[in-house]
Each structure stands twice: as structure tokens, then as C-alpha cells.
Amino acid sequence: MQATTERLPLASGEELSSSSKAADKGDSTEQISAKQAMLAHFVQYLEGEKGAGEHTRAAYERDMATLVECAAGHDLAALTPKEIRGYVRKLTSRSLSARTIARTLSTWRTFYRLMCRDFHWPMNPADGVKPPKTAKKLPAAMTIDDTSGFLENMPDEEILACRDKAIFELAYSSGLRVAELVSINLLDLDLNHGMAVVTGKGGKTRQVPVGSVACEAIRRWLVERPKLSPKDNTVFVGKNGGTLSTRAVQLRIKYWETKLNIKEPLYPHKLRHSCASHLLQSSHDLRAVQELLGHASIATTQVYTHLDYQHLAQEYDRTHPRAKKPEDEEKK
């Protein structure tokens with residue numbers, strides 16, 4: 001979206017980013033007030049019924065700011081599917097990715113669904129409007145050897161290194177999102193039984209197994225943790241004792257990528273992808289992987305079956321006596 005320097009104050013005390021001068025040109029004072037009330041109601045819905053986290057809410061608010069900007073003075077309740085399709089074409093012309101446009105359109109559908117339910121708006125103009133086709137992008141996963149090499153080569157003598165190793169071991173062991181890692185509390189851990197309770201998207205909790213190697217890394221960290229004078233009960237704290245941010249974890253894994261001279265890009269979610277991929281390779285139990293990762297739909301988990309097939313194809317090409325290609329024979 002173009003420069004978004006102003007923010008629309010909402011009735012709930014929240015604010016919604018928007019190019020408000022451009023978007024509200026032509027709106028009467030009453031229209032602006034009504035629009036802000038609807039947007040405030042949407043934010044309250046996200047916080048309450050949907051249980052959306054801070055980052056998710058921010059993404060929804062940006063998407064709604066885009067709708068306000070595109071509508072530019074038109075009544076949101078009176079928009080038609082034709083106009084929504086026009087907005088999608090406008091976003092496409094800005095070279096936004098198909099994935100971003102699909103997410104934006106999904107936000108608009110959710111907004112209109114709520115307005116139809118709570119305020120009896122006549123229709124959901126975003127229903128049936130299709131986003132541009134997205135190229136399927138497989139999640140990036142490390143090989144088992146590379147994952148083991150990274151984790152085993154991490155030192156844990158220094159206090160922050162000890163903490164980081166425990167974070168990354170837990171991320172790989174249990175397939176956790178970075179937001180789940182930083183929010184896990186001491187009472188959520190049961191290291192004696194190798195279990196943890198984590199809070200995922202939408203505030204949903206699930207129980208996950210924690211492997212013995214991760215349990216041992218966490219135990220070593222918990223011995224060191226009091227030295228940082230923790231300010232709360234989160235397992236992983238920063239050097240000043242406060243709760244770690246997701247950004248801090250992302251920066252720390254980049255630090256170790258450089259420190260250990262690892263050639264492929266590292267980020268916390270790659271450990272989650274690697275956990276899912278490696279588990280599926282060995283168990284072939286898609287439902288179990290879905291439950292571990294906390295996916296609401298098994299369709300989300302099925303992307304890992306493509307990684308599993310890639311692994312199978314590579315192993316076949318490497319080991320099957322009839323798999324050699326003619327060009328391989330020529331190289332001999």
C-alpha cells in the first residue's frame with residue numbers, strides 16, 4: 001500500500017492504519033463516524049471471539065486500511081463483487097504477491113461476514129471473488145544431518161548460548177512456532193514426563209511431546225535462568241530478565257548461523273518445518289503431525305507430504321539400481 005502516515009481512531013480506543021486523507025475524501029462526517037464504528041467492531045471481534053494475537057490483528061488492520069483506501073469515499077456496506085474484483089486488480093497492479101492479495105481478500109470476507117451477521121448488511125461482496133493464483137511454495141526444511149549438526153555444534157557454556165540451545169532444541173523437538181516458544185511458561189512444562197502445554201493461534205492450547213535431548217537442554221537452561229533475574233514465569237527470558245520477543249529469537253538464530261558458518265539460511269520456523277518433515281518421513285502419520293503442529297485443517301499439513309515425496313525420490317535416484325539416467329552412465 002502507498003504511504004500510510006495517518007491512523008483512523010476507533011471507538012474502542014484502538015487505531016487502524018490508513019491513508020485516511022485519500023480514503024475518506026468525499027465522505028461526510030457521519031459516514032466517517034459510521035465507518036470507524038464498523039472497523040472498531042471488527043477489531044473487538046478479532047480480539048474477543050477470534051482470539052487473534054497482536055501480529056495477526058495488525059495484519060487484519062492493514063488489510064482493512066487497504067479496503068478503506070480502495071473504496072475511497074464509497075459506502076463499505078454498498079460495495080459489490082464487481083468493485084471488489086476491481087480492487088483486487090488494483091492490488092495486483094502494485095506488484096503485491098498473490099499470497100498477500102489472497103490474505104487481504106480473506107480479511108475482507110471475514111469483515112463482511114461479521115457485518116452481515118451483526119448489522120444485517122445485505123451481502124458479502126468478497127464472497128466468490130478469487131485472488132490471483134499462487135505458486136505453491138514448499139516449506140523449507142533442513143536435512144536430518146544438517147539439523148543434528150546445527151544443534152550438536154551449538155555450545156552451551158555461556159548463559160545466552162545455553163538458553164538459545166534450549167529454545168532451538170524445543171522448537172525442533174516439538175515443532176513449535178516462535179510465538180509459542182516465547183510464551184511458554186514454567187508451569188506449562190513437565191520435563192519428567194516429556195510433555196508441554198503450548199498456546200497456539202487463536203489462543204488454542206495443545207499438549208506436545210518434548211524429546212529427551214530437548215528436556216536435557218531445558219534443564220541445563222533452568223539452572224542458569226535465575227542468574228538473569230526473571231521478571232515473570234516465561235521459560236525463556238532475555239538478558240535483562242524480561243520475556244523474549246519473537247524478533248529476538250529470529251535475531252539469535254541468525255547470530256548462530258553466522259557464528260557456526262552455516263551455509264543455508266536459518267530461521268526459527270525452519271526448525272518447525274524440519275520437525276514436521278522428519279517426523280512424516282519416519283512415521284507417515286499425517287494426522288499425528290497435524291496434531292503436533294496445531295493445524296486446524298489437515299490440508300495445511302499435507303504440504304509436508306510433498307517434502308516427504310521429494311525425499312523418497314532423491315533416495316530412489318540415489319540407491320535404486322534401475323534409477324540411473326543415461327547421462328549418469330555417460331559420466332562414468
Side-chain angles (χ1 to χ4, degrees), residues 53 55-56 59 97 99-100 135-184 196 198 200-201 208-218 220-221 224-225 228 234-239 242-282 289 292-295 300-301 303-308 310-311 314:
H55 297 295
T56 303
S97 71
R99 184 182 294 273
T100 297
K136 285 192 176 180
K137 185 178 179 182
L138 295 179
M142 303 167 71
T143 66
I144 293 175
D145 288 344
D146 285 348
T147 309
S148 298
F150 163 58
L151 295 172
E152 289 169 8
N153 287 328
M154 275 194 69
D156 61 1
E157 293 81 11
E158 188 266 329
I159 189 168
L160 294 185
C162 181
R163 179 204 63 193
D164 292 348
K165 185 163 187 170
I167 290 173
F168 302 146
E169 286 283 5
L170 180 59
Y172 176 59
S173 171
S174 305
L176 301 190
R177 303 176 178 97
V178 65
E180 295 167 348
L181 288 166
V182 299
S183 65
I184 194 166
V198 297
K201 289 185 176 180
V208 297
V210 182
S212 59
V213 177
C215 284
E216 185 56 35
I218 295 169
R220 288 196 297 272
W221 156 242
E224 301 295 325
R225 182 178 177 275
L228 296 180
T234 52
V235 174
F236 303 112
V237 297
K239 58 184 178 182
T243 302
L244 275 179
S245 66
T246 56
R247 182 59 180 157
V249 177
Q250 291 163 351
L251 291 173
R252 290 301 291 178
I253 200 169
K254 283 296 178 185
Y255 166 82
W256 287 108
E257 176 190 321
T258 303
K259 181 86 172 174
L260 299 176
N261 196 28
I262 294 173
K263 302 304 180 185
E264 65 175 298
L266 284 184
Y267 43 89
H269 220 66
K270 191 175 236 182
L271 293 173
R272 174 175 161 88
H273 290 324
S274 301
C275 168
S277 176
H278 301 165
L279 185 59
L280 193 59
Q281 285 174 20
S282 58
V289 176
L292 178 70
L293 299 182
H295 287 158
T300 310
T301 318
V303 68
Y304 294 104
T305 62
H306 297 290
L307 291 179
D308 189 35
Q310 281 186 342
H311 172 76
Q314 288 167 357

Distance, nearest 0.5 Å, that separates [atom1] of [X] from [atom2] of [Y]:
X: Lys201; Y: Arg177; atom1: NZ; atom2: CZ; value: 5.0 Å
X: Ser277; Y: Arg272; atom1: OG; atom2: CZ; value: 13.0 Å
X: Leu266; Y: Thr258; atom1: CG; atom2: OG1; value: 9.0 Å
X: Glu264; Y: Phe150; atom1: CD; atom2: CZ; value: 10.0 Å
X: Asp145; Y: Glu152; atom1: CG; atom2: CD; value: 9.5 Å
X: Lys239; Y: Leu228; atom1: NZ; atom2: CG; value: 10.5 Å

When you measure from the side chain of [X] to the backbone N and O of [Y], does any donor-acceptor pair fall under 3.5 Å?
X: Ser183; Y: Ala179; value: yes
X: Glu180; Y: Val198; value: no
X: Arg163; Y: Glu224; value: no
X: Ser174; Y: Pro209; value: yes
X: Arg225; Y: Val235; value: yes

Please report the shortest heavy-atom distance between [X] and [Y], naming the atom on each side.
X: Lys165; Y: Asp156; answer: CD-CB, 4.1 Å
X: Lys270; Y: Pro265; answer: NZ-O, 2.6 Å
X: Gly175; Y: Cys275; answer: N-SG, 3.5 Å
X: Leu292; Y: Val208; answer: O-CG1, 3.8 Å

Report all side-chain donor-acceptor pairs from residues 166-173 shorter than 3.5 Å, counting only partners two or more places apart or in another chain.
from	atom 1	to	atom 2	distance (Å)
Tyr172	OH	His278	ND1	2.8
Ser173	OG	Gly211	N	2.7

* Carefully, step by step, assess Met142 and Leu271 under the rule side chain to side chain contact (heavy atoms under 4.5 Å, CB included). => CA-CA 8 Å; Met142 303 167 71; Leu271 293 173; 4.3 Å; yes

* Asked: Can you list the steps and then say if Ser274 with Asp146 is a side chain to side chain contact (heavy atoms under 4.5 Å, CB included)?
  -> CA-CA 10 Å; Ser274 301; Asp146 285 348; over 6 Å; no

* Could I get the full list of salt bridge (charged side-chain N to carboxylate O under 4.0 Å, His left out) partners for Arg252, not counting sequence neighbours? => Asp164

* Please walk me through it: do Trp221 and Ile159 pass side chain to side chain contact (heavy atoms under 4.5 Å, CB included)? -> CA-CA 8 Å; Trp221 156 242; Ile159 189 168; 4.0 Å; yes

* Stepwise side chain to side chain contact (heavy atoms under 4.5 Å, CB included) check, Val178 with His269 -> CA-CA 7 Å; Val178 65; His269 220 66; 5.8 Å; no

* Would Arg220 and Glu216 pass as an ion pair if we require N to O under 4.0 Å? -> yes

* NZ of Lys259: more than 12 outside heavy atoms within 6.0 angstrom? ->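 12 or below, so no.
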
